[in-house]
Q: 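The structure under discussion is supplied below as structure tokens; questions concerning it will follow.
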Amino acid sequence: MLVTHGVTLANITSNPRITMKNWLNLVLKSFFFTGFFILAGCNPNVENNALTPGIVYCSEGDPTSFNPQLTTNGTTTDASSYQLYNRLVEYDPALGSIVPALAHHWFINDNGKIYTFYLRKNVKFHHNDNFTPSRDFNADDVIFSLNRVIDSTHPYHQVSGGSYPFFQSVGFTDIINKIVKVNDYMITIHLTEKDASFMANLAANFAIIQSQEYGQQLIRQQRLSDIDNFPIGTGPFTLDSYFPNNHIRYKPNHQYWNGAPSIEQLVFDITPKSTNRIAKLMTGDCDVSALPQSSEIEIIRDNKKLELQIQTGLNVAYLGFNTEKAPFNNPTVRQALAHAINKRAIIEAVYYGSATLADSILPPLSWAYNEDLSPYKYNIEKAKSLLTQAGYSNGFSMSLWAAPVQRIYNPNALKTAELIQGQLALIGVKVNIITFGWNVFNEKLNDYAYDSVLMGWTADNADPDNFFRPLFSCAAVLSGGNRVNWCDDDFDEVLNKAIASTDENYRLPYYLKAQQTLNELVPLIPIAHALRFQVKRRNIKGMSLNPYGGISFSKAYRHQAKTSKQETQ
Amino acid sequence: MWFYIARRVNLFVFTVAVLYFLVFLMVNALPGELATNLSGIQNPDIAQYDEIVAQYQLDKSWFNQYISFIKQRIHGDFGVSFGNGQSIFNDMLTLLPATIELCVYAMIIALIFGLPLGILAAIHYKKFGDFFLLGTSLIGYSIPVFWLGVIAIMYFGLDLQWLPVAGRLNLLYQVDPVTGFTLIDIYLSNIEYKQLAYKDAFAHLIMPTLTLAVIPATVVIRITRTTMLEELNANYIKASQARGLHPITIIFHHALPNAMQPVLAQISLQLSTLLTSAMVTEVIFSWPGIGQWLIQATYQQDYPIISAGILVCAGFVILVTVVSDVLLIATTPQRRSAVYGSN
Amino acid sequence: MARTNSIYQEEVIPTPLRHIWMNFISYPLAMLGLWVFIGFLIITLIAPFAAPYPPELQHPNALLYPPSWHEDGQVSYFLGTDDLGRDILSNLLHGVRTTFGSSLIVTIFAAFIGIFLGILSGMSRGLKSSILNHILDATLAIPSLLLAIVLVAISGQTLANVMIAVGIALVPQFMRATHTAVHHELTREYVVAAKLDGANQFQIFYNVILPNILNALIVQFTLAISIAIIDIATLGFLRIGAPAPTSEWGTMLADGVDLIFIAPWNVTFPGMAIFASVLAVNLIGYGLQRAVKEGFG
């Protein structure tokens, strides 16, 4: 109609009379197009910007609180343990031994039951909007922190849930008789019996020291839970702000006793999906990233700006059965399923080969590893016959719980679950996969409503006991850590005997026997020991890969190659 | 006109009441303890439980419960979340501006690109330009928004590394969230080197906004084309052509203002679809808005957040619909008579 | 207009429906959409026979094979495999049933319920109509995704629940479209004429209104199918949809995103499948709209 009346676009635009609106339209459109291309040309990542020397770490989830005593969840310990706090002693993986931290010297008496610690002087606590310390760190803080865990009359024992899973599983409450303050910088801890793992446990991620003065102030202000949500510690960073499901911002503690950090800011960018973490790493929004998926390793290797750090893993991924629930209370059934799992396939598909097949809960690296165990070879016929023997020739159905997050020991539990689902279908067992968000998942595990669960464990120290008591002891059933719901007094006896001496030759036979028992009764099927990866941009230095979990940024810095500005120490 | 506005406000109140009723039904249907789902406090002790019963009148008839449910929510008490026990209302205040920012920018871009293209299509009716634009808009309308987002991330973010793929701003820029809109907040803040912060925020905005804008843009193109065609066929246009007015004057001064009305009316109808697409876009680009928050809450079965989210999102949609209706009526008297005649 | 192909000069005047059909046939794009749609329908019926492998079957030796036209690809895994060794082509074909098939079923049910309710509300007057209108507004304001999330939260994550959720989200749209159409018709003179003739409500509806609103309803139906497909795929993508190992295009896409660096075909193919089905339905819808508008002459 317009055309038939002689109006075409050519007609319109060739006419010199152009109206305001038309011009405006044109100008706006061209502005946007050119603006887009200009910006597309320059990627404003902070690398080129020498003015904000900070580091962004892509973490895989929200912490449940800022106190690692309350959990064994790796995400929480990563966010809090080495950033905000210190321990009495620490484990140096390079040396392979315990080194001083807040205690600069210690000694153990002859009968192995009295430990004396000499505490470091001039260690400053953090301050925040609500609290300014009036004194340095001293013995009162150690006693406050340790008693919180073991003393049920301690005012903070029940705060934030009252559950200290790691400590409960290693029986801290029973093993510690009393803690005595000798003077402001010296304490003695009296044990009820010898425990070879005690020092290693004090060096664990979880054994942090909090401020007693802060605790007292919060009691007066009636805000006790602040101690775990607005934490005060002695560590290299202080908590500046926390935006749930988004980011955590830390500022450096300039008075840190072990050397103030060289960066002005540390931010944890909470990014649950691994693909997003790698994407952010590549575009510069993150500098270091947690838990890359094994499928991304090649890409990272090919990318010039990124650097991959690899560590052999002291961890294990397993399929655990709820041994109190039928039919999993029958060892024959568990053995049948063990023959039906094709571990090699899982390692290829989920780990892309970057893991070792697990026959025992202990990785081959451990000095207590039992190499004489008879493994459960992948054998469908044997599995079926064992099932028939147990009376389930028609199979059964079971639930398999798997969490949708990467862990150090398993980069993709959901995929593993799907593989297992397919494998068990071949022997007539129908698997239903159930999943929840990570924090909800952990909470629900304590109800023991599952038939089986895909979990794992990353060691906190080199002591083999760390793999056993937190996972299999009767105490761990109550504190939540014993996912197989297994309580065998004889087995506990073996474990307790094994820690009664520091002599490895004395302890070894007990651990061999323990692994033998686990292999026969198979309350869980160990699947793989994963390699540990950490990815970072090449210009971030000072990060080492800690084999016992717990990432630390205290020595990290950004290497500025081009600028003349130097970092201030 | 005031009568009409009063009617509209009345309608708004009634619709919101119905919305609250629907959500009230949903909350009652959720698994678990009603007191827990309403307040967000898991395992309440005796004192807390009594307080919840008093607040929500759980011991009285369902009608009382419904009324007190409305009262609590209107006073800003949406309870606390299961996940971290924080007040949901406070969380919402920080997250809602992010979503609104995305939706508003996307809508603006959809209009800026869609209107001219729709007019072009109308001018080139039944010729190549028209078919091309119609085809493009049909294709754009059929692409699932999540596929588009993922492909955009793949090419622009990872292959070419032109643009960042997640978040609103590089976290090392510490900008205080005053209004919640990043560009305004940077302006209001006192960090050094605002230029770089602006560039960074803009770069983060580009991909999510453009991804989200595709579908509304195609809708705008189609509707503009349709209404422009109708207008251009009308008698008064033929009259003005007969008078010898310049074609551009005809289009922009006469046809377009009349054609705009249905376009703007359609926009408010599109709002709830836009919100759905915005939620998916937020998940893909890790944009910290209401959508991502809600989806995370679904994975974690955080019922208080889910029910609060529905109230806020649907309430927002209703509010915008009513406001745009009132604006439309205020500016175009012709429509009022049509409204009076209907039920 | 007379159409005839017999040697006897008879006038055969096509019915309105046939008119629309003949108009429709003349649009090549719309016919393309129709053929693709029919293709998907056929696949829905024969998927278990057409797919080379069962979709859940994992091939541990064939992980992440690229499509067959790649140098590393194999013809036996025509479109490649995913990271558990499942054949993508088989999964896509089964996914036709899940995504496309269920959206058809959902739309049909939602259409029946929605049109029925819409007619009731459209034929009513006064306060009843006003109230129904307001309830409709409130339900339409809730984004469909949220509705689906709540329903899945309440009743668990199964394919059936997803379908119900999407259906419930579609019903108000049908109601709204029917209501508007019926209202529009009621103002026409021939309705008044019919009333004067002595027709009761039902007769007015069946003989007078229904034939005239049918066009709008058909167009709305095709629109709703495309919305249903995208909604089901979106729910699958967000992993709120049918649980593993159901093959669903959205879930396949979400799984593919994890592999985006090393196996991008896992993202491309499901995405293209969704795109193709939605485009086909939209083309049909567009063709119908034009055919109806071009009218009878």
Side-chain angles (χ1 to χ4, degrees), chain B residues 11 14-23 26 29-31 131 134-135 138-139 141-148 150-151 153-154 158 222 269 271-280 283-284 291 294-295 297-299 301 303 306-307 309-310 313-319 321 341-343, chain C residues 29 124-127 129-131 133-147 149-156 176 183 187 226-227 229-231 233-234 237-240 249-250 253-254 256-257 260-261 264 267-268 270-272 274-283 286:
Chain B
L11 186 67
F14 191 81
T15 319
V16 171
V18 172
L19 174 67
Y20 269 97
F21 186 67
L22 289 174
V23 179
M26 283 181 208
L30 286 170
F131 285 129
L134 214 52
L138 213 54
I139 290 181
Y141 190 68
S142 309
I143 298 187
V145 68
F146 47 90
W147 193 43
L148 187 61
V150 170
I151 303 262
I153 290 183
M154 221 161 57
L158 303 176
R222 287 232 301 251
L269 285 179
L271 198 54
S272 105
T273 332
L274 184 65
L275 215 50
T276 307
S277 311
M279 287 170 63
V280 179
V283 171
I284 301 175
L294 267 175
I295 308 271
T298 317
Y299 295 146
Q301 302 190 325
Y303 300 137
I306 297 179
S307 54
I310 295 191
C313 287
F316 179 66
V317 171
I318 298 177
L319 182 68
T321 315
S342 74
N343 281 17
Chain C
L29 278 181
S124 66
R125 299 179 177 282
L127 189 60
S129 154
S130 199
I131 291 186
N133 234 344
H134 294 345
I135 298 183
L136 200 54
D137 272 343
T139 337
L140 270 176
I142 304 181
S144 56
L145 191 62
L146 285 183
L147 215 50
I149 288 179
V150 167
L151 280 161
V152 165
I154 294 179
S155 37
R176 161 56 46 103
H183 244 281
T187 61
S226 71
I227 294 179
I229 297 179
I230 292 204
D231 271 353
T234 309
F237 178 76
L238 295 173
R239 298 191 199 275
I240 312 178
W249 289 337
L253 220 157
V257 171
I260 207 170
F261 295 102
V267 169
T268 327
M272 279 179 50
I274 303 176
F275 175 59
S277 56
V278 175
L279 187 59
V281 172
N282 278 333
L283 282 176
Y286 165 70

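Residue numbering restarts at 1 for every chain, and letters A, B, ... go by the order of the sequence lines. Please read all numbers here as calculations on a predicted model, not as lab measurements.
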Q: Please state whether the side chain, the backbone, both or neither of C:L253 comes within less than 4.5 Å of a heavy atom of chain B.
A: side chain
Q: What verdict does the side-chain contact (heavy atoms from CB on, under 4.5 Å) test give for C:N282 and B:I139, after you've listed the backbone C-alpha separation in whole Å, the side-chain angles of each residue and the deciding distance to 0.1 Å?
A: CA-CA 9 Å; C:N282 278 333; B:I139 290 181; over 6 Å; no
Q: What part of B:I310 gets within 4.5 angstrom of chain C, counting heavy atoms only: side chain, backbone, both, or neither?
A: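 Both parts, backbone and side chain.
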Q: Highest number of heavy-atom pairs under 4.5 Å with chain C: which of B:L148, B:I151, B:T15?
A: B:T15
Q: Looking at every heavy atom in both B:S142 and C:I230, which two are closest together, and how far apart are they?
A: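 Heavy atoms of B:S142 and C:I230 come nearest at O-CD1, 4.4 Å.
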Q: Would a 4.5 Å heavy-atom cut-off, applied to side chains only, mark C:L147 and B:M26 as touching?
A: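 Yes. Closest side-chain heavy atoms under 4.5 Å.
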Q: Most heavy-atom pairs under 4.5 angstrom with chain B, which of C:L29, C:I274, C:L151?
A: C:I274
Q: Just so I understand: if I count every heavy-atom pair under 4.5 Å between each of B:R222, B:M279, B:Q301 and chain C, which residue has the most?
A: B:M279
Q: Output the option from B:V16, B:I153, B:V18 having the highest count of non-hydrogen pairs under 4.5 Å with chain C.
A: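 Looking at each of B:V16, B:I153, B:V18 in turn, B:V18 comes out on top.
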Q: Check whether B:F316 gets within reach of chain C through its side chain, its backbone, both or neither, counting any heavy atom under 4.5 Å.
A: neither
Q: Should the pair C:F275 and B:W147 be assigned to parallel (<30°), tilted (30 to 60°) or perpendicular (>60°) ring geometry?
A: tilted
Q: Counting heavy-atom pairs under 4.5 Å to chain B, which of C:I260, C:T234, C:L283 comes out on top?
A: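 Option with the greatest count: C:T234.
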Q: Contact part of B:Y20 toward chain C, heavy-atom cut-off under 4.5 Å: side chain, backbone, both or neither?
A: neither
Q: Side chains of C:L238 and B:Y299: closer than 4.5 Å at any heavy-atom pair?
A: yes
Q: Let me know if B:L30 has heavy atoms under 4.5 Å from chain C in its side chain, its backbone, both or neither.
A: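 Both the backbone and the side chain of B:L30 come within 4.5 Å of chain C.
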Q: Quick one: what part of C:V257 sits under 4.5 Å from any heavy atom of chain B, side chain, backbone, both or neither?
A: side chain
Q: For chain C, which candidate among B:I318, B:L22, B:T321, B:I143 shows the most heavy-atom pairs at distances under 4.5 Å?
A: B:I143
Q: Let's test your reading of the structure: which of C:V281, C:T187, C:T268 forms the most heavy-atom pairs below 4.5 Å with chain B?
A: C:T268
Q: Quick one: pull up CD1 in C:I240 and CD1 in B:I295 and give me the separation to the nearest 0.5 Å.
A: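 Between atom CD1 of C:I240 and atom CD1 of B:I295 there are 4.5 Å.
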Q: Do you know the tightest heavy-atom contact between B:L138 and C:L279?
A: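 Nearest heavy atoms, B:L138 then C:L279: O-CD1, 3.9 Å.
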Q: Need one label for B:I284: side chain, backbone, both or neither, based on atoms under 4.5 Å from any heavy atom in chain C.
A: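 For B:I284, the side chain is the part near chain C, not the backbone.
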